[in-house]
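Have a look at the structure below, then the notes.
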Amino acid sequence: MPELPEVETVVRGLRQSILGRKILSVWIGKSDFIDNPVALALLAGQQIESIERFGKFMLLRLASVEVASQSANVGTEESTSVLEANDASSVPASPAALLVHLGMTGQLGPSRADVPFDKHTHVSLTLDDGRELRYTDARRFGRMAYLTAGPLAQELACFGADPLEVSAAEFAARVRSRNTRIKALLLDQTVFRGVGNIYADESLWRAKIHPARVGTRINAKEAATLRRVLQHILNRAIIMRGSSISDFLDANGEPGEYQRHHRAYGREGKPCYRCRTPIRRVIVAGRSSYFCPKCQRAPRIRKHKRRQRS
DNA sequence: CTCGATCCCTGGACGC
DNA sequence: TGCGTCCAGGGATCGA
């Protein structure tokens, strides 16, 4: 399941393999995960100028290439939904970007054009070196959107701080300003962008903080520790090219290695690496949360709003 | 403001 | 072998 380290891994792979390539044509299969499928046609004729990560999103920034008429000689495949750069009437005015979210099972990477599509390949972009950039996603929990500068800025403005760049002061402020459980808080992309279920659990285990602790009751020292271990874990995971639980593959189709270093996630019933107490699993914020009941002390029962009279 | 429930979707695990 | 059932989960949405 792609979270920050996995997306970063894919982004780095794509930079190596497709940066600077021009997109010649666009093929779309199932499109229910694309904001505005028709707009994807505007990709044709544009160059991939930069590739960035924003939280769990990938951002392929595009530059229009001034070429008179594109007649992409890609042969005449089943042209049912092959969209080519047609008349220069639709040249984008402002710099645009392709926003990609991998959801649970999304994969994005270049492929030789003569390799048959995977069963769940839904988008294929023909590149000017003959390869194709393909998006494959069995569950289609991912998202793809072609956005011009304005809407893109609007989209990105909703997200919280990057956990790798946030200062200690801002981290603590964000954590301690929310009257919600720390697990839900870490998963909330408007608080911190890029943290998902695995790295939330791993960082809480390492910081010895129970997932049901309330943000406002996290003290300054705990917040500082949480930020430090979260950054450490994310950086380690990036070096290990992410966690491959079931589906994740990088842009080259290779799995990551960090799953071997998980201390809590997916370890229900297995002994805690610190104290040998069996790891437990509970549902917090609707998500499986793995923690050590001894190292991560449970908060006192939350007091519900008491009505003076009813 | 925060909560849980529900939906989206498919593959894999499991039981019979 | 082949069903049916349950589960995983990021995110949107909705009512409480």
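We name chains A, B, ... by the order of the sequence lines, and we start the count at 1 in each one.
Of the listed nucleotides (C:dA8, C:dG11, B:dT2), C:dG11 has the atom at the smallest distance from the side chain of A:H101. When the nucleotides B:dG4, C:dG9, B:dG11 are ranked by their closest atom to the side chain of A:R181, B:dG4 comes out on top. Of the listed nucleotides (B:dT2, C:dG9, C:dG10), C:dG10 has the atom at the smallest distance from the side chain of A:K56.
In this structure, A:E222 does not pair ionically with A:R176, as no charged nitrogen and carboxylate oxygen lie closer than 4.0 Å. Remark: A:E202 does not engage A:R206 in a salt bridge, criterion side-chain N to carboxylate O under 4.0 Å. Comment: A:D129 engages A:R131 in a salt bridge, judged by a side-chain N to carboxylate O separation of less than 4.0 angstrom.
Residue A:R139 places no side-chain N or O under 4.0 Å from the OP1 or OP2 atom of B:dG11. Residue A:Q189 places at least one side-chain N or O under 4.0 Å from the OP1 or OP2 atom of C:dG11. Under 4.0 angstrom from either OP1 or OP2 of B:dC9 there lies no side-chain N or O belonging to A:T105. A:H120 has a side-chain polar atom (N or O) that falls below the 4.0 Å cut-off from OP1 or OP2 of B:dG11. Under 4.0 angstrom from either OP1 or OP2 of B:dT10 there lies no side-chain N or O belonging to A:K119. OP1 or OP2 of B:dT10 lies within a sub-4.0 Å distance of a side-chain N or O belonging to A:R140. Dashed line: the shortest gap from a side-chain N or O of A:Y290 to OP1 or OP2 of C:dA8 is not under 4.0 Å. Applying the 4.0 Å criterion to OP1 and OP2 of B:dT2, one finds that A:N179 has every side-chain N and O outside that range. At the phosphate of B:dC9, neither OP1 nor OP2 sits under 4.0 Å from any side-chain N or O atom of A:K30. OP1 or OP2 of C:dA8 has at least one side-chain nitrogen or oxygen of A:R281 nearer than 4.0 Å.
Between the CD1 atom of A:I283 and the P atom of B:dC3 there is a distance of 15 Å, rounded to whole Å. Atom CG in A:D32 sits about 9 Å away from atom C1' in B:dC9, given to the nearest Å. Atom CG in A:L187 sits about 14 Å away from atom C1' in C:dA8, given to the nearest Å. For A:D188 and B:dG4, the CG to P distance is 14 Å, given to the nearest whole Å. Rounded to whole angstrom, the span from the CE atom of A:M144 across to the C1' atom of C:dG10 amounts to 16 Å. Taking atom CZ of residue A:R287 and atom C1' of nucleotide B:dG4, one finds them 12 Å apart after rounding to whole Å. Atom pair A:F33:CZ and C:dA12:C1' shows a separation of 17 Å (rounding to whole Å applied). If you measure from atom CZ of A:F57 to atom C1' of C:dA12, you get 12 Å, rounded to the nearest angstrom.
Between the side chain of A:E132 and the backbone N or O of A:L127 there is no donor-acceptor pair closer than 3.5 Å.
Summarising the local packing, CZ of A:R236 is surrounded by 12 or fewer heavy atoms from other residues, nucleotides or ligands at distances under 6.0 Å.
Using a 4.0 Å heavy-atom cutoff across all strands shown, A:Y199 reaches no nucleic acid atom at all. Among the heavy atoms of the strands lying under 4.0 Å from A:R178 are primed sugar atoms or P, OP1, OP2 only; no base atom is included.
Here the rule is ring pair (Phe, Tyr, Trp, His ring centres under 6.0 Å) with A:H122, and of A:W27, A:Y135, A:F33 only A:F33 fits it.
Applying the 5.5 angstrom centroid cut-off and the 30 degree plane-angle cut-off, the aromatic ring of A:F141 is not stacked upon the base of C:dG11.
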